[in-house]
Engineer: 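This structure is in structure tokens; I'll ask about it shortly.
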Amino acid sequence: MLARLPHHSSSSPFVFPCRLSAAAAARTLSTATGSNSTTVVKMARSALDEVTDTGAFDRSPSTFRSSVSRDSSARFPAVPGRYHLYVSYACPWASRCLAYLKLKGLDHAIGFTSVKPIFERTRETDDHLGWVFPATGDEEPGADPDPFNGANTIRELYEIASPNYIGKPTVPVLWDKHLKTVVNNESSEIIRMLNTEFNEIAKNPDLDLYPAHLQTSVDEINELVYDAINNGVYKCGFAKKQEPYDEAVMGLYEALDKCEEILSRQRYICGKQLTEADVRLFVTLIRFDEVYAVHFKCNKRLLKEYPNLFNYTKDIYQIPGISSTVNMEHIRKHYYGSHPSINPYRIIPAGPKIDYNAPHDRERFSA
């Protein structure tokens, strides 16, 4: 999710160095030996390294895929106090993990720390920009220093876990404080663990967001929503040619239209009860009019022009605990401040500043 401007002095609080080519996961630099030999210096990747030659955005998969288990003999047993979530309030993938902490009542057993919202230089020796911790607790409201490892960046956490790591240092990160490693950085897998594996210590263990009788429906909706909506807005925003943008925006609005129709018949996207699919859809919808419509050119139709989707978003937002996972200040700062090839002057628009606590009409579907 990142772009770069020409290199500035590292003394600037916003450093946007020159853009890398799509193949720049490795960089060749001259050695200091005085010979003509070279050394390959590998660096972390970013989202614009994932734009293909066709101009389309192609997201790479997550890399740490271990699981926490309720089995006490597992390498990563589900015990209180052992794990920590590193997140950004700006990131929709991380925000769905925060939503699960709140919904399942696990925030007493699994702590979390949020990074600053705007990408910054992660190392003086290369061009990578990414998630950075504040130096002090009062530097950025809502963000805190790393409480366990003294890391300055999310990139450093990945390098603690895997010293030769050269993938994307993304959030969320489910961190094992005991083994000092990343357990998992794939949000779709983390939320499944939070749903089932910690039930013995959860305050809301009976809440099942992936119930057996709805799993087929949830999986089908997830497939539609992930490709066309969750990732679809990024495919629109990071497209560098008209054709991939046109294809992505068409898929996005076809999927939104389908969700609007489904929600005209039922309260939640898979029926009468809240499920994983609702959380996954919500994190994109809550950002839609505030950032995606303008910044990612998703303006064919605003969310507030979809009566069912708009009221549905307010309904989910008003579930106890969910509003605390939505920091619109971080969201707006991140998107408008971290992608200078899209918004080179980092101007944050004045609106629309929607009141998601306003009344909605979704109770009409209540049994």
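These figures come from a predicted structure and were not determined experimentally. Residue numbers run from 1 in the order of the sequence given. As a basis for the values below, the full set of heavy atoms in this structure was taken, side chains included, without hydrogen atoms, waters or symmetry mates.
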Engineer: Before you tell me yes or no, could you show the steps for Val68 and Val183 under side-chain contact (heavy atoms from CB on, under 4.5 Å), namely the whole-Å CA-CA distance, both residues' side-chain angles and the distance that decides it to 0.1 Å?
Structural biologist: CA-CA 8 Å; Val68 175; Val183 179; 4.1 Å; yes

Engineer: Does this structure show an ion pair linking Glu200 with Arg70, if we count only N-O contacts that are shorter than 4.0 Å?
Structural biologist: no

Engineer: Side-chain contact test, heavy atoms from C-beta onward, threshold under 4.5 Å: evaluate it for Arg280 versus Tyr226 and give yes or no.
Structural biologist: yes

Engineer: Looking at every non-hydrogen atom in both residues, tell me the closest pair between Pro359 and Asn311 and how far apart they are.
Structural biologist: O-OD1, 3.9 Å

Engineer: Should Ser217 and Thr275 be marked as a side-chain contact (heavy atoms from CB on, under 4.5 Å) after you check the CA-CA gap, both sets of side-chain angles, and the distance that decides it?
Structural biologist: CA-CA 10 Å; Ser217 177; Thr275 67; over 6 Å; no

Engineer: So how far is it from Ile262 CD1 to Tyr312 OH, rounded to the nearest 0.5 Å?
Structural biologist: 9.5 Å

Engineer: Assess whether salt bridge (Lys or Arg N to Asp or Glu O under 4.0 Å) is satisfied between Lys235 and Asp227, documenting all intermediate values.
Structural biologist: CA-CA 9 Å; Lys235 290 191 287 185; Asp227 184 61; 3.2 Å; yes

Engineer: Heavy-atom distance under 4.5 Å between the side chains of Thr313 and Tyr356, does that happen here?
Structural biologist: yes

Engineer: Apply the test side-chain contact (heavy atoms from CB on, under 4.5 Å) to residues Asp144 and Ser114: give CA-CA distance (whole Å), side-chain angles for both, the deciding distance (0.1 Å), then the verdict.
Structural biologist: CA-CA 6 Å; Asp144 289 294; Ser114 178; over 6 Å; no

Engineer: Taking all heavy atoms of Arg346 and all of Gly337, pick out the closest pair and write down the distance.
Structural biologist: CD-O, 3.3 Å

Engineer: Could you report the tightest heavy-atom contact between Ile191 and Ser188, atom names first, then the distance?
Structural biologist: CG1-O, 3.4 Å

Engineer: Please determine whether residues Leu302 and Leu281 belong to a single hydrophobic cluster, defined as Ile, Leu, Val, Met, Phe, Trp and Tyr linked transitively by side-chain heavy-atom distances below 4.5 Å.
Structural biologist: no

Engineer: Whether the side chain of Arg332 engages the backbone of Gly351 through a donor-acceptor N/O pair (distance < 3.5 Å, no angle test) should be reported.
Structural biologist: yes

Engineer: Donor-acceptor pair, distance only, cut-off 3.5 Å: does the side chain of Asn204 make one with the backbone of Leu207?
Structural biologist: no

Engineer: Using every non-hydrogen atom in the two residues, find where Ser66 and Asn184 come nearest and quote the distance to one decimal.
Structural biologist: O-ND2, 2.9 Å

Engineer: Check the pair Leu85, Leu174 against side-chain contact (heavy atoms from CB on, under 4.5 Å), reporting the backbone distance first and the verdict last.
Structural biologist: CA-CA 5 Å; Leu85 267 174; Leu174 182 61; 4.2 Å; yes

Engineer: Backbone N or O of Glu261 within a donor-acceptor pair of the Ser264 side chain at under 3.5 Å?
Structural biologist: yes

Engineer: Other residues, nucleotides and ligands only: do more than 12 of their heavy atoms fall within 6.0 Å of CD on Glu139?
Structural biologist: yes

Engineer: Counting neighbours of CD on Glu247 that are heavy atoms of other residues, nucleotides or ligands and sit closer than 6.0 Å, is the number greater than 12?
Structural biologist: no

Engineer: Considering the options Trp131, Tyr158, Phe133, Phe148, which one meets the ring pair (Phe, Tyr, Trp, His ring centres under 6.0 Å) requirement together with Tyr86?
Structural biologist: Phe133

Engineer: Taking atom CD of Glu305 as the centre, does the number of heavy atoms from other residues, nucleotides or ligands within less than 6.0 Å exceed 12?
Structural biologist: yes

Engineer: Tell me whether Arg123 is salt-bridged to Glu156, with the criterion being a basic N under 4.0 Å from an acidic carboxylate O.
Structural biologist: no

Engineer: For a quick check under 3.5 Å, do Lys168 and Asn185 share a side-chain donor-acceptor pair by atom type?
Structural biologist: no

Engineer: Are any of the side-chain nitrogens in Asp107 or Lys203 under 4.0 Å away from the carboxylate oxygens of its partner?
Structural biologist: no

Engineer: Do the charged groups of Arg155 and Asp126 touch, with an N to O distance under 4.0 Å?
Structural biologist: yes

Engineer: For the residue pair Pro77 and Asp71, what are the closest heavy atoms and their distance?
Structural biologist: CB-O, 3.8 Å

Engineer: Got more than 12 heavy atoms from elsewhere within 6.0 Å of NZ, Lys258?
Structural biologist: no

Engineer: Say you draw a straight line from CD of Gln318 to CZ of Arg362; how long is it, rounded to the nearest 0.5 Å?
Structural biologist: 12.5 Å

Engineer: With rounding to the nearest 0.5 angstrom, report the CD to OG distance, Glu120 to Ser338.
Structural biologist: 9.0 Å

Engineer: To the nearest 0.5 Å, how far apart are NZ in Lys102 and CD1 in Ile319?
Structural biologist: 14.5 Å

Engineer: How many angstroms lie between CZ in Phe282 and CD1 in Ile316, if you round to the nearest 0.5 Å?
Structural biologist: 7.5 Å

Engineer: Rounded at 0.5 Å granularity, tell me how far OG in Ser88 sits from NZ in Lys333.
Structural biologist: 11.5 Å

Engineer: Would Leu309 end up clustered with Leu224 when hydrophobic side chains under 4.5 Å apart are linked, directly or stepwise?
Structural biologist: no

Engineer: When hydrophobic residues are tied together by side-chain contacts of less than 4.5 Å, even through go-betweens, does Val79 share a cluster with Val182?
Structural biologist: no

Engineer: What heavy-atom pair brings Pro172 and Ser187 nearest, and what distance separates the two atoms?
Structural biologist: CG-CB, 3.9 Å

Engineer: Are Leu179 and Met193 grouped together when hydrophobic residues (ILVMFWY) are joined by side-chain heavy atoms under 4.5 angstrom apart?
Structural biologist: yes

Engineer: Is there a path of hydrophobic side-chain contacts, each under 4.5 Å between heavy atoms of I/L/V/M/F/W/Y residues, joining Ile348 to Met328?
Structural biologist: yes

Engineer: Please report whether the ring centroid of His295 lies less than 6.0 Å from that of Tyr336.
Structural biologist: yes

Engineer: Looking only at the aromatic ring of each residue, does the gap between the centers of Phe296 and Tyr335 stay below 6.0 angstrom?
Structural biologist: yes

Engineer: Using a 3.5 Å distance criterion without hydrogens, assess whether the side chain of Tyr245 forms a donor-acceptor pair with backbone atoms of Lys240.
Structural biologist: no

Engineer: Strictly distance-based, threshold 3.5 Å: is any side-chain N or O of Lys304 a donor or acceptor partner for the main-chain N or O of Asp289?
Structural biologist: no

Engineer: Report yes if some heavy atom in the side chain of Asp278 is under 4.5 Å from a heavy atom in the side chain of Cys270; otherwise report no.
Structural biologist: no

Engineer: Please go through Tyr210's hydrophobic cluster and name the other residues, only I, L, V, M, F, W, Y counting, with side-chain heavy atoms under 4.5 Å joining them.
Structural biologist: Leu214, Val218

Engineer: Answer with yes or no whether the side chains of Asn299 and Tyr292 bring together a donor and an acceptor at under 3.5 Å.
Structural biologist: no

Engineer: Quick one: does any side-chain atom of Glu260 pair with a main-chain N or O of Asn308 as donor and acceptor, under 3.5 Å?
Structural biologist: yes

Engineer: Would you indicate whether the side-chain heavy atoms of Glu189 and Ser67 approach each other to under 4.5 Å?
Structural biologist: no

Engineer: Would you sort out whether Arg192 and Glu276 count as a salt bridge (Lys or Arg N to Asp or Glu O under 4.0 Å), showing the intermediate values?
Structural biologist: CA-CA 9 Å; Arg192 293 276 175 92; Glu276 170 188 298; 2.6 Å; yes

Engineer: Main chain of Leu209, side chain of Asn195: is a donor-acceptor contact present, judged purely on distance under 3.5 Å?
Structural biologist: yes

Engineer: For Ile154, which of Val87, Val132, Val115 qualifies under side-chain contact (heavy atoms from CB on, under 4.5 Å)?
Structural biologist: Val115

Engineer: Between Trp93 and Val283, is there a side-chain heavy-atom distance shorter than 4.5 Å?
Structural biologist: no

Engineer: Quick one: does Leu274's side chain get under 4.5 Å of Leu103's, heavy atoms only?
Structural biologist: yes

Engineer: Within a strict 4.5 Å, meaning less than it, do heavy atoms of the His84 and Pro147 side chains meet?
Structural biologist: yes

Engineer: State, yes or no, whether a side-chain contact exists between Lys180 and Trp175 at a heavy-atom distance under 4.5 Å.
Structural biologist: yes

Engineer: Are His334 and Phe119 close enough that their ring centers fall under 6.0 Å?
Structural biologist: yes

Engineer: Do other residues, nucleotides or ligands put more than 12 heavy atoms under 6.0 Å from the NZ atom of Lys177?
Structural biologist: yes

Engineer: Quick one: are the ring centres of Phe238 and His339 less than 6.0 Å apart?
Structural biologist: yes

